[in-house]
Amino acid sequence: MPALTTTLYNTMTQRLEPVDTVEEGVVRLYVCGVTPQDRVHVGHARTFTTFDVLVRHLRASGHRVVFVRNVTDVDDKILLKSKERGEEPLAFSARMAELAKNDLRSCGCANPDHEPTVSGHIVEIIALVETLVAKGFAYVVDTAVGRDVYYDVKSFGAYGKLSHRKLDEAQAGARVAVVEQKRDPMDFALWKGCGESDWGWPSSFGKGRPGWHIECSAMAQKYLGNRLDIHGGAIDLIFPHHENEIAQSEAATGEPFSSHWVHGGFVTADQEKMSKSLGNFVTVEDVLSRNDAEAFRLFLLGTQYRGPLAFDVVKDDDGRVRFPSIDEAEKRADYFYTTLDLLEGLAAKEGAGDLPKHAMRTLFESTHPKVQEALDRDLNTPVVLALLGDHAKAMNELAGWLAKPKKAPCPEPQLLALAKLALTEWSACVVHVGLFQAAFPEYAARTRARRLGLRGLDEAAIEAKVQARAAAKTAKDFATADVLRGELVAAGIELTDSPEGTRWRVSP
RNA sequence: GGUGAGGUAGCCAAGUGGUUAGGCAACGGUUUGCAAAACCGUCAUACGAGGGUUCGAAUCCCUUCCUCACCUCCA
């Protein structure tokens with residue numbers, strides 16, 4: 001088992017700290033997942049992609065990771081929305097959860113090891129609430145419809161340690177819902193009683209539903225034990241959600257809940273946080289209808305996970321929506337894929353020799369350690385992209401040498417050895433970040449189809465025009481060839497002539 | 001009011017006190033029938049402002065201006 005060298009910013013201590021594990025050789029990670037009430041948006045995608053990179057990086061570095069990402073399928077908003085649609089709440093949330101899973105998979109995020117739901121863990125939740133009441137950290141309150149259980153924040157001395165706020169200060173400007181029977185305005189519901197005909201589950205407190213927060217404490221404990229190594233989510237969860245989880249879990253077990261707290265920054269649109277409540281969100285479905293998943297991931301990883309990420313939306317004159325920054329990333333994805341395809345084709349040739357002593361070899365050999373180092377330093381993905389860029393640049397130079405061996409600094413067998421090295425090292429790097437999961441032919445086919453569709457172009461018609469231009473070119477009728485090329489370029493088709501013939505692709 | 005995160009060249013974005021981050025755009029060059037792609041170069045002695053510490057500060061300290069977020073549901 002290799003040494004764990006990853007450091008991450010810890011919200012609790014407000015410092016960069018090495019990841020440490022309770023049990024040698026296993027990283028236990030819990031990430032707060034979605035409340036399936038609507039489609040997954042770019043903000044969600046960013047957060048879950050961040051943790052997907054963390055998991056992939058740890059695993060690629062030789063560590064075992066147990067990754068839990070929950071689904072909060074019991075929630076007041078779900079009840080409300082399902083009512084509007086005349087659907088059973090759990091049927092509605094199950095349907096939305098399935099869409100969310102698919103959206104995240106489409107973003108290249110690997111499935112977690114466990115994806116527990118609230119509805120599947122009511123028993124554990126009730127038991128935890130009962131423990132908290134028994135230990136004196138929670139109290140029961142009678143209401144008009146049933147019995148609520150509240151967490152008594154004053155009973156937990158460390159309350160506020162994650163968000164670094166003191167109870168009295170937080171209260172000063174707080175806009176918390178006033179419930180008469182609460183002992184403290186900051187007390188929060190563990191269990192919310194409901195009427196017999198309402199959506200809920202029986203418990204020793206009567207029929208009701210779990211409050212927000214308690215489900216994560218219960219499910220984390222069930223799948224990962226009392227002590228987690230890393231708990232993650234976006235920064236808006238620091239307070240109250242994660243603060244409350246700590247209060248519940250630590251009060252119940254008497255053990256520290258999680259060693260590391262990792263929080264991702266927001267995606268903003270027009271300088272504002274993208275969120276459901278503001279209604280300024282763009283769904284993953286929207287993004288992937290316009291751009292490729294690889295481009296989207298490249299865009300997301302272009303900024304370190306803790307900083308804000310601006311998401312631009314532009315409306316063309318014809319009313320078509322575009323995402324300029326993702327279009328830019330898609331051009332970059334094209335570059336990487338084209339480079340890889342080119343070198344793979346050239347490297348397939350037999351006759352590789354020994355590796356030469358050349359600066360390019362040093363570069364190819366240094367990329368992977370540097371990628372490892374960059375990710376170890378708080379998941380510095382922008383640096384990883386820069387490293388991949390340097391690697392790709394060298395691959396292109398090498399491809400040039402293979403195409404014209406006379407201009408190369410070393411003989412062909414050595415060039416072939418370099419090419420194989422470059423490709424092996426590349427593969428070793430990209431598994432850390434989950435980029436370029438699709439093979440080139442798949443990427444090329446799906447981006448071509450999508451771009452043709454978006455531009456309203458017909459593939460056969462373009463192919464015919466490309467052939468017509470090639471024929472004119474062969475006949476040295478460059479005037480005709482250039483007119484045809486002009487028309488194609490105007491339509492968004494890029495042509496690449498080579499000794500092997502002409503290739504074309506649609507611009508992103 | 002309390003608590004955080006930021007302000008880096010036209011735009012995006014790294015930066016671990018001390019030799020080039022990187023990308024996009026633009027403009028040159030190599031290459032090409034001409035292009036495109038690719039590669040090389042220029043833009044780039046940039047770090048919100050003002051002080052201070054230091055041989056040396058984007059980085060550490062102080063003051064100040066601006067932006068965003070959390071303190072209500074949020075990834």
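Numbers restart at 1 for each chain; the letters A, B, ... are given by sequence-line order, proteins then strands.
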For nucleotides [N] and [M], find the distance between their [atom1] atoms and express it as a whole number of Å.
N: C43(B); M: G28(B); atom1: C1'; value: 11 Å
N: U32(B); M: A25(B); atom1: P; value: 24 Å
N: G33(B); M: C11(B); atom1: C1'; value: 36 Å
N: G6(B); M: A13(B); atom1: P; value: 13 Å
N: A21(B); M: A58(B); atom1: P; value: 12 Å
N: G15(B); M: U59(B); atom1: P; value: 14 Å
N: A14(B); M: A44(B); atom1: C1'; value: 15 Å
N: G18(B); M: G56(B); atom1: P; value: 14 Å

Distance-only donor-acceptor test, [X] side-chain atoms vs [N] base atoms, 3.5 Å:
X: Arg485(A); N: C34(B); result: yes
X: Thr496(A); N: A37(B); result: no
X: Asp482(A); N: G33(B); result: yes

Cation-pi geometry met for Arg15(A) and Tyr9(A) (6.0 Å, 45°): no
Is Arg448(A) positioned over the aromatic face of Trp504(A), cation under 6.0 angstrom from the ring centre and no more than 45 degrees off axis?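 Ring-cation test returns yes.
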Whole angstrom is fine here: how far is it from [atom1] in [X] over to [atom2] in [N]?
X: Asp52(A); N: A75(B); atom1: CG; atom2: P; value: 18 Å
X: Trp401(A); N: U30(B); atom1: CH2; atom2: C1'; value: 15 Å
X: Tyr335(A); N: A36(B); atom1: OH; atom2: C1'; value: 15 Å
X: Leu398(A); N: C40(B); atom1: CG; atom2: P; value: 13 Å
X: Phe239(A); N: C73(B); atom1: CZ; atom2: C1'; value: 13 Å
X: Ile238(A); N: C73(B); atom1: CD1; atom2: P; value: 15 Å
X: Leu342(A); N: C39(B); atom1: CG; atom2: C1'; value: 12 Å
X: Glu215(A); N: C73(B); atom1: CD; atom2: P; value: 13 Å

Does a side-chain N or O from [X] land closer than 4.0 Å to OP1 or OP2 of [N], or not?
X: Lys404(A); N: U31(B); result: no
X: Lys393(A); N: G23(B); result: yes
X: Asn396(A); N: C39(B); result: yes

Using nucleotides 16-20 of chain B, report all nitrogen or oxygen pairs with the protein that are shorter than 3.5 Å.
residue : atom : partner   : partner atom : Å
U16(B)  : O2   : Arg377(A) : NH1          : 3.0
U16(B)  : N3   : Arg377(A) : NH1          : 3.2
U16(B)  : N3   : Arg377(A) : NH2          : 2.5
U16(B)  : O4   : Arg377(A) : NH2          : 2.9

Pair up each side-chain donor or acceptor in residues 298-308 of chain A with any protein partner under 3.5 Å, not counting sequence neighbours, and list the distances.
residue   : atom : partner   : partner atom : Å
Gln304(A) : OE1  : Arg306(A) : N            : 3.0
Gln304(A) : NE2  : Asp378(A) : O            : 2.7
Gln304(A) : NE2  : Asp378(A) : OD2          : 3.2
Tyr305(A) : OH   : Asp378(A) : OD1          : 2.6
Arg306(A) : NE   : Asp378(A) : OD2          : 2.9
Arg306(A) : NH2  : Asp378(A) : OD2          : 3.1

Regarding [X], tell me which of base, sugar-phosphate or nothing describes its non-hydrogen contacts under 4.0 Å with the strands shown.
X: Val40(A); value: nothing
X: Leu385(A); value: nothing
X: Gly43(A); value: base
X: Gly233(A); value: sugar-phosphate
X: Tyr9(A); value: sugar-phosphate
X: Asp236(A); value: base
X: His41(A); value: base
X: Lys473(A); value: base
X: Gly265(A); value: base
X: Arg69(A); value: nothing
X: Thr303(A); value: sugar-phosphate
X: Asp76(A); value: nothing

Which nucleotide in [options] has an atom nearest any side-chain atom of [X]:
X: Arg165(A); options: C34(B), A21(B), C71(B); result: C71(B)
X: Ala234(A); options: A75(B), C70(B), U3(B); result: A75(B)
X: Pro382(A); options: A75(B), A13(B), A35(B); result: A13(B)

Taking the six-membered ring for Trp, are [X] and [Y] closer than 6.0 Å centroid to centroid?
X: His213(A); Y: His242(A); value: no
X: Phe436(A); Y: Tyr337(A); value: yes
X: Trp426(A); Y: Phe336(A); value: yes

Verify stack between Phe478(A) ring and G33(B) base, 5.5 Å, 30 degrees: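 So yes, this residue stacks on that base, both cut-offs being met.
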Measure the shortest side-chain to side-chain distance between Tyr150(A) and Arg183(A) over non-hydrogen atoms and say whether it is less than 4.5 angstrom. no
Is it the case that Ser163(A) and Glu243(A) place a side-chain donor and acceptor less than 3.5 Å from each other? yes
Parallel, tilted or perpendicular: ring planes of His263(A) versus Trp261(A), cut at 30 and 60 degrees: parallel
Determine the interplanar angle of the Phe48(A) and His44(A) rings, folded into 0 to 90°, and report it as parallel if under 30°, tilted if 30 to 60°, perpendicular if over 60°. parallel
Return the nucleotide paired to [N]: Watson-Crick means purine N1 to pyrimidine N3 with N6-O4 or O6-N4, wobble means G-U with N1-O2 and O6-N3, both under 3.5 Å.
N: U72(B); value: none
N: A21(B); value: none
N: U54(B); value: none
N: C27(B); value: G41(B)
N: U67(B); value: A5(B)

Leu237(A) or Ala386(A): which one's nearest nucleotide on RNA chain B is closer to the 5' end?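 Comparing both residues, the 5'-ward one is Ala386(A).
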Which comes earlier along RNA chain B counting from the 5' end, the contact point of Asp390(A) or that of Asp75(A), where each point is its nearest nucleotide? Asp390(A)
With a cut-off of 6.0 Å (strictly less than), are more than 12 heavy atoms of other residues, nucleotides or ligands near NZ of Lys81(A)?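 Yes, NZ of Lys81(A) has more than 12 neighbouring heavy atoms, counting only those of other groups under 6.0 Å.
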Over all heavy atoms of both residues, which pair between Ala481(A) and Lys473(A) is shortest? Give the atoms and the distance, please.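 Nearest pair, atom of Ala481(A) first, then Lys473(A): CB-N, 4.1 Å.
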